[in-house]
2 protein chains.
Amino acid sequence: LKLTVLGVGSASPQVDKNPSAFLLSIDNEYILIDCGEGTQYRLLENAIKVSRIKTICISHLHGDHYFGLIGLLSSFNLKGRKDSIALIGPEGLLEILNIQFAAANTKLNYELNFILNRNSEGKVLLDRIRFKIESIPLVHRVQSTGFLVTEKEGDRHIKAHKLPENFPIPFYKKLKDGKDVIDPLTEEVFKAKELTKKGTPKKVFAYCSDTAYYPEIVPIVKGANLMYHEATFLKDLEERAEMTQHSTALQAAMIAKASKVKKLLLGHLSSRYKSSDEHILEAKESFENVEMAIEGAVYDII
Amino acid sequence: LKLTVLGVGSASPQVDKNPSAFLLSIDNEYILIDCGEGTQYRLLENAIKVSRIKTICISHLHGDHYFGLIGLLSSFNLKGRKDSIALIGPEGLLEILNIQFAAANTKLNYELNFILNRNSEGKVLLDRIRFKIESIPLVHRVQSTGFLVTEKEGDRHIKAHKLPENFPIPFYKKLKDGKDVIDPLTEEVFKAKELTKKGTPKKVFAYCSDTAYYPEIVPIVKGANLMYHEATFLKDLEERAEMTQHSTALQAAMIAKASKVKKLLLGHLSSRYKSSDEHILEAKESFENVEMAIEGAVYDII
């Protein structure tokens, strides 16, 4: 599980920042989380194989989180994409896309499977072989939802040296699934517990943007390996954060501490801040393992 | 009259190109023509005072010509803009914007005066003191319209040395408007024709993108000081140009020659072309004063 940061800016456009866009890679597959204006160009610049994006999650309908989506989906079509896309988003998103496709007489060559996210707590939005995506209800001026992406535990690893030669392939698969095997001829029992060990442990990434300080999410994101949390303001502007339903760096850190995540990434800083140093200092008052999300950087989720 | 090129790419996104966006400046005022994804960032990079953009023209509803509009208009609002915008565009554009404003609970602080362009030939879309904008009907897969921007002739210049001392200010203004002045006391007649000379001659810019080869526009763009014309293909792909309703470099040059424009700028090259050299060579077969539009460059319209 790896996170590539494509854009970490906030609503006011800035020359040296891009609006929100994050790419999570699981094996050879990508999940795109939020898609601010220009995201398709960031993907090009970072030489990302866009055909591997199978899932797109949109947190909310403020432009800095989704204005790049229509361009990306249109370009997929132009390039002849055939593979379906699962698109998770709030009420209204599909209508916004469809009205623009219709205006251009665009007929999609690929299936756009829309998964309506009504922001109900803990709801599984997508369950796939390698991962699942659950919603994290957030508090913002429009419906806003975070995403909890859980990589599932890998297959059990076979202790090959403990197996007889020419051990049948179908038996391997059963053992890897954790099931005992009985040889129908010899009635010998091969115990999964003895002959295999646990697969790669599951990893969890939590995405929380945009939101006011909302401790109710703590039980949902508990123990995540990496949490991205918005930190639009510093604590001296806590009132402004409350009014605009954003968070301060300290509040993001308090969520990280209470939920015992392993690492915290901050972003979505108001354009009034020219440096992120104070955000990091402030967050460290409450939570030590914190970094600023940097555009173009790739974070291993461990 | 000056033209700043912000984006000159075509539909397929490219790392080193931006989608269509052109900024025309008349005195201290800007007209933005087309607004592909990312245009607001190009305006920032070029340090353009966006408060001076009073008019926006959208040629057609293919994404590479308008996906940046919602972001720009939203950012105007975020920055507290109060000045109205005249937005010229085809049927459907306002609905696309409004559905997105509604999804974000955005109430505009400024007036967005939408001027519906139904693509009727020679129609004056906007008539202002310093310029007028007329439509150029184009031929494309969706309704597409070019824009003819005519800077009006400047006020007549006063020959100050021919006027008596203490000549009253209101009399000046009348003379500049080309009207004779009679002094009510002395009944002396001051003839505008003798005391003034012609003001700055009018300049004309013609914008023609996207379109199939369409010689019917020749009488409309005739004599323009500068014409931008799309040249998606080279002549060996003329059939493909016809099928997709785009033009070749030669066709653009033939329009320029027939309409006796002073200068031709080409752009909107298909992403298959890595250099524009052949487009220029091909265009010069028919029209000598041709250049490739370069992003970031500013062209004096003379």
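The shown structure was predicted, so the numbers you read here are calculated from the model rather than taken from an experiment. Numbered from 1 within each chain, the chains take letters A, B, ... in sequence-line order.
The local environment of CD in A:E45 is crowded, with over 12 non-hydrogen atoms from other residues, nucleotides or ligands closer than 6.0 Å. Atom CD of A:E242 has 12 or fewer heavy atoms from other residues, nucleotides or ligands within 6.0 Å. For B:R272, the CZ atom sits in a packed shell: over 12 heavy atoms of surrounding residues, nucleotides or ligands are nearer than 6.0 Å. Remark: A:K2 NZ is loosely packed, at most 12 non-hydrogen atoms of other residues, nucleotides or ligands lying under 6.0 Å away.
Using non-hydrogen atoms only and a strict 4.5 Å limit, the part of residues 97-114 of chain A facing chain B consists of A:I99, A:Q100, A:A103, A:A104, A:N105. Applying a 4.5 Å heavy-atom cutoff, the residues of residues 61-69 of chain A that approach chain B are A:L61, A:H62, A:Y66, A:F67, A:G68. Proximity to chain B among residues 10-23 of chain A is limited to A:A11, A:S12, A:P13, A:Q14, A:V15, A:K17, A:P19, judged by heavy-atom separations below 4.5 angstrom. Chain B is approached within less than 4.5 Å, heavy atom to heavy atom, by no residue from residues 80-87 of chain A.
Under 3.5 Å, the side chains of A:T232 and A:H268 contain a donor-acceptor pair of N or O atoms.
Remark: the backbone N or O of B:V8 is paired with a side-chain donor or acceptor of B:E295 at under 3.5 angstrom.
The residue among A:E95, A:R141, A:Q143 with the most heavy atom pairs within less than 4.5 Å of chain B is A:E95.
Of the atoms belonging to A:L78, it is side-chain heavy atoms, and not backbone ones, that fall under 4.5 Å from chain B. Only the backbone of A:T39 has a heavy atom closer than 4.5 Å to any heavy atom of chain B.
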